K.L.:
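Mind looking over this structure? Questions follow.
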Amino acid sequence: MTEMIKHHLNDGLLMAYSAGTLPEAFSLTVAAHISMCDECRARLGAFDTIGGALMDETVDVAVSEGSFEATMARINDVPAATESPAAIRSKGVLPKPVQDYVGGDLDAVKWRSVGMGVKQAILPTSKKATARLLYIPAGAAVPDHGHRGTELTLVLQGAFADEVDHFGAGDIEIANEEVDHTPVADIGADCICLAATDAPLRFRSLIPRIAQPFLRI
Ligand code: ZN
Ligand code: ZN
């Protein structure tokens with residue numbers, strides 16, 4: 001899996017994740033990629049070390065017990081380096097951090113149709129950003145759209161292509177205001193993604209625009 005991943009997290013996301021400043025939906029998506037990707041897990045380790053060193057210098061005994069526990073809890077959330085991504089993956093299609101939100105693997109997901117065969121399931125995160133699982137049937141497309149904020153899309157199964165590139169399992173696409181795209185699932189398999197957004201998308205055509213408030217896309 002790891003050696004096939006071409007699209008990774010950027011330093012900004014890894015640093016913010018390490019510092020614990022990302023909205024929950026983004027944190028979850030970053031954690032899910034890290035659970036699939038040795039390279040980003042190693043890079044995160046470096047950021048955690050830098051962050052820890054900075055904390056040691058600036059904070060002495062004043063750290064409250066609560067924040068220490070919160071920090072330790074977050075560290076424990078990151079899969080141990082000894083547990084290989086393959087071992088984590090073999091337990092199901094959904095990475096462990098996502099399974100914790102769904103309450104199981106794919107068969108536990110409560111899908112809702114968004115039209116054209118595409119289905120979604122919104123995960124229970126804080127309202128600052130939205131995390132959703134997307135199910136795109138083989139060969140089907142997500143309507144053409146732009147972005148008002150940041151959109152992270154992590155491929156969990158299958159693959160999709162858009163105007164930017166081709167994204168396979170484990171790849172993460174980071175889209176912002178400058179990206180307009182129409183993701184199309186590969187013919188070979190239904191595509192399942194985890195997508196996090198911090199602002200509504202901008203759809204080009206009328207029907208998705210009308211449906212948008214109901215779907216929270
Ligand atoms: Zn990576
Ligand atoms: Zn998008």
Side-chain angles (χ1 to χ4, degrees), residues 1-18 22-23 25-48 78-79 81 83-86 88-89 95-98 114-116 118-120 122 129-136 140-156 158-186 191-205 208-209 211-212 215-217:
M1 168 62 59
T2 282
E3 55 282 359
M4 287 155 60
I5 297 177
K6 290 180 303 177
H7 298 277
H8 297 276
L9 295 161
N10 59 33
D11 285 351
L13 281 167
L14 280 169
M15 219 179 298
Y17 177 77
S18 176
L22 289 175
F26 282 62
S27 255
L28 169 61
T29 310
V30 168
H33 176 83
I34 285 167
S35 79
M36 301 165 85
C37 179
D38 289 338
E39 186 181 319
C40 286
R41 187 159 52 248
R43 286 166 63 211
L44 175 69
F47 283 119
D48 282 347
V78 178
E83 198 174 2
S84 76
I88 297 167
R89 295 283 299 165
K96 179 71 172 61
V98 180
V114 296
M116 312 292 281
V118 178
K119 295 184 285 185
Q120 72 167 1
I122 293 176
T130 304
R132 77 190 75 235
L133 287 166
L134 274 175
Y135 181 100
I136 314 165
V142 172
D144 174 23
H145 64 270
H147 311 89
R148 290 190 179 87
T150 302
E151 177 190 62
L152 303 180
T153 308
L154 172 67
V155 181
L156 304 177
F160 73 84
D162 64 10
E163 289 79 348
V164 179
D165 209 337
H166 182 261
F167 298 84
D171 281 334
I172 189 159
E173 178 172 33
I174 304 167
N176 57 25
E177 289 90 345
E178 285 141 42
V179 176
D180 269 25
H181 63 170
T182 309
V184 180
D186 280 15
C191 181
I192 294 170
C193 297
L194 172 65
T197 47
D198 58 2
L201 304 178
R202 284 183 289 124
F203 286 102
R204 299 275 165 258
S205 54
R209 277 215 305 271
Q212 204 168 3
L215 303 174
R216 285 175 55 199
I217 281 184

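Since this is a predicted model, take the numbers as computed values, not measurements. Both ligands and their constituent atoms are indexed starting at 1 by order of listing.
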K.L.:
Just give me the atom name: the N, O or S atom of H147 closest to the Zn ion (ligand 2).
P.N.:
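Minimum-distance N/O/S atom of H147 relative to the Zn ion (ligand 2) is NE2.
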K.L.:
Do V179 and E151 have side-chain heavy atoms sitting under 4.5 Å apart?
P.N.:
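Not touching, per the 4.5 Å side-chain cut-off.
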K.L.:
Could you identify the N, O or S atom of E151 positioned closest to the Zn ion (ligand 2)?
P.N.:
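The E151 atom nearest to the Zn ion (ligand 2), restricting to N, O or S, is OE1.
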K.L.:
If I only include protein atoms of type N, O or S, how many are less than 2.8 Å from the Zn ion (ligand 1)?
P.N.:
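That number is 4, waters not included.
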K.L.:
Among T29, L28, L13, which residue satisfies the side chain to side chain contact (heavy atoms under 4.5 Å, CB included) criterion with L22?
P.N.:
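The residue from T29, L28, L13 that satisfies side chain to side chain contact (heavy atoms under 4.5 Å, CB included) with L22 turns out to be L13.
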K.L.:
Could you tell me whether the side chain of D38 reaches within less than 4.5 Å of the side chain of R41, counting heavy atoms only?
P.N.:
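Yes - at least one pair of side-chain heavy atoms lies under 4.5 Å apart.
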K.L.:
For T182, does its backbone N or O pair with a side-chain atom of D144 as donor and acceptor, under 3.5 Å?
P.N.:
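Checked: no pair found.
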K.L.:
Do L44 and V30 come within less than 4.5 Å of each other through their side chains, counting heavy atoms only?
P.N.:
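Sidechains of V30 and L44: no contact.
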K.L.:
Taking only residues two or more places apart in sequence, or in another chain, which ones meet D198 in a side chain to side chain donor-acceptor pair (under 3.5 Å)?
P.N.:
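If we apply the side chain to side chain donor-acceptor pair (under 3.5 Å) test to D198, skipping adjacent residues, there are no hits.
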K.L.:
Can you say whether the rings of F160 and F167 are parallel (under 30°), tilted (30 to 60°) or perpendicular (over 60°)?
P.N.:
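Ring orientation of F160 relative to F167: parallel.
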